[in-house]
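Numbering of ligands and ligand atoms starts at 1, following listing order.
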Amino acid sequence: MRNWIMSIVVASAALALPAFAQEAAPEERPRWSIAIHGGAGTIRREDMSEEREAEYRAALQAALDAGSKVLAEGGSAEDAVIAAIVIMEDDARFNAGRGAVLTWDGVAELDAAIMTGDQREAGAVTGVRTIRNPILLAREVKDNSPHVFLSGSGAESFAADRGMEFVDPSYFITEPRVRALEGVKARELSVLQAGDNKFGTVGAVALDSAGNMAAGTSTGGLTGKRWGRIGDAPVVGAGTYADNRSCAVSATGTGEYFIRVAVAHEICTRLRIEGAAYREREREAVGATGAEFYVSNIFRVQRAIVDEVMAEMAALGGTGGVIVALPDGATFFSFDTPGMYRGRANSFGLNEVALYADEGN
Ligand code: ASP
């Protein structure tokens with residue numbers, strides 16, 4: 001497993017280089033960029049029909065296009081992230097909103113968070129059962145409450161005060177998720193062994209043309225979760241984080257491990273501190289004439305930092321992936337699973353979606 005993880009890390013770093021060369025030359029940075037994910041996990045060609053694969057690509061493209069449109073029209077990173085996530089929440093293929101995985105008791109308990117990188121404002125909700133789009137409620141918490149994180153019935157009464165759209169809990173429930181829960185129960189698996197190891201959580205990160213960043217994540221958590229279990233997605237710093245000084249991150253995977261490593265915050269902090277130290281060293285070493293060398297190497301350094309945090313999480317026993325956006329417009333993915341539903345776009349015309357680890361982004 002570990003060797004395998006390393007090969008993915010190395011492969012993805014190599015494949016991502018041309019995109020960075022395009023994206024990061026200091027005088028030619030993209031005005032905006034966005035990356036999305038629809039979960040990581042055991043996503044393999046041999047298990048996919050052509051039709052199913054095409055459906056996933058189209059679903060990801062629709063979410064990516066919605067976010068890109070906001071950014072291309074000069075909208076904010078936050079609005080772009082929300083636009084992409086709402087589409088995936090409404091799409092039953094993903095484990096967020098309609099089509100979310102079910103708890104041990106057979107209901108959907110939804111978690112979501114949004115964060116903006118300017119003032120590091122955040123809003124999050126956990127365990128909501130009747131809000132159609134939990135990411136919209138997270139934004140309400142951020143913008144219209146004195147708090148950051150609301151749970152369960154309290155979050156729902158706040159939603160009622162804010163006039164949000166409610167649905168019957170049955171709206172979220174789909175046949176494949178009912179069968180997945182039955183499978184987990186029949187085998188008496190623990191939550192972390194549950195399902196077939198596909199984390200369909202959705203998320204987005206973006207940089208807008210004003211230089212602001214945002215990250216958002218939305219999920220039903222893990223199949224068969226019990227006792228009000230909360231994953232990493234709504235925990236600011238674990239599954240979601242944005243800071244204009246360093247990066248925006250959204251995660252998917254075994255939430256318990258992402259919480260223990262505070263993955264999203266750890267990535268941003270290391271990028272901020274180690275990235276600055278690297279820049280300083282390079283500036284002294286190569287001076288102005290070394291710009292090209294500097295650009296290609298800062299990318300390697302940034303990528304290594306992200307992969308290192310993910311490897312630390314994996315070393316504890318976790319698995320999954322992250323999407324990362326940087327203030328210079330670069331975006332990348334790091335994951336240790338056979339695939340991750342993902343996509344990215346920027347103002348230079350980059351526009352791609354991918355499913356499997358061996359695809360070029
Ligand atoms: N990270 C999510 C959680 O642990 C699950 C997922 O990524 O699908 O709740």
### Task
Number the atoms of ligand 1 from 1 as they appear, then name those within less than 4.0 Å of a heavy atom of G221, with their elements.
5 (C), 9 (O)
### Message
If you take the nearest heavy atom of each of R229, H37, K225, E256, which one is closest to atom 9 (O) of ligand 1?
### Response
R229
### Query
With a distance cut-off below 6.0 Å to the six-membered ring centre and an angular limit of 45° from the axis, does K225 pair with W104 as a cation-pi contact?
no
### Query
How about T126 and D111: does a side-chain donor come under 3.5 Å of a side-chain acceptor?
yes
## Note on the structure
Here the atoms of ligand 1 under 4.0 Å from any heavy atom belonging to N95 are 8 (O)
### Task
Tell me yes or no: between the side chains of T116 and D118, is some donor less than 3.5 Å from an acceptor?
no
#### Entry: A233 near ligand 1 by a heavy-atom separation under 4.0 Å
no
### Query
Atoms of ligand 1 less than 4.0 Å from G200 heavy atoms?
8 (O)
### Query
Taking C-beta and beyond as the side chain, do I114 and T240 meet within less than 4.5 Å on heavy atoms?
no
#### Entry: G231 N/O to ligand 1 N/O under 3.5 Å
no
### Protein heavy atom at shortest distance from atom 8 (O) of ligand 1
T201 OG1, 2.5 Å
### Message
Which option wins on minimum heavy-atom distance to atom 3 (C) of ligand 1: D232, D111, T219?
### Response
D232
### Query
So which of G253, G320, G255 gets nearest to atom 2 (C) of ligand 1, if we judge by its closest heavy atom?
G253
### Query
According to the interplanar angle, ranging from 0 to 90°, do the rings of Y56 and Y341 count as parallel (below 30°), tilted (30 to 60°) or perpendicular (above 60°)?
parallel
### Task
Report yes or no: is the cationic atom of R98 (NZ for Lys, CZ for Arg) closer than 6.0 Å to the six-membered ring centre of F172, at no more than 45° off its axis?
no
### Message
Between Q61 and N351, do the side chains contain a donor N or O and an acceptor N or O under 3.5 Å apart?
### Response
yes
### Task
Indicate yes or no: does an N/O atom of T252 lie under 3.5 Å from an N/O atom of ligand 1?
yes
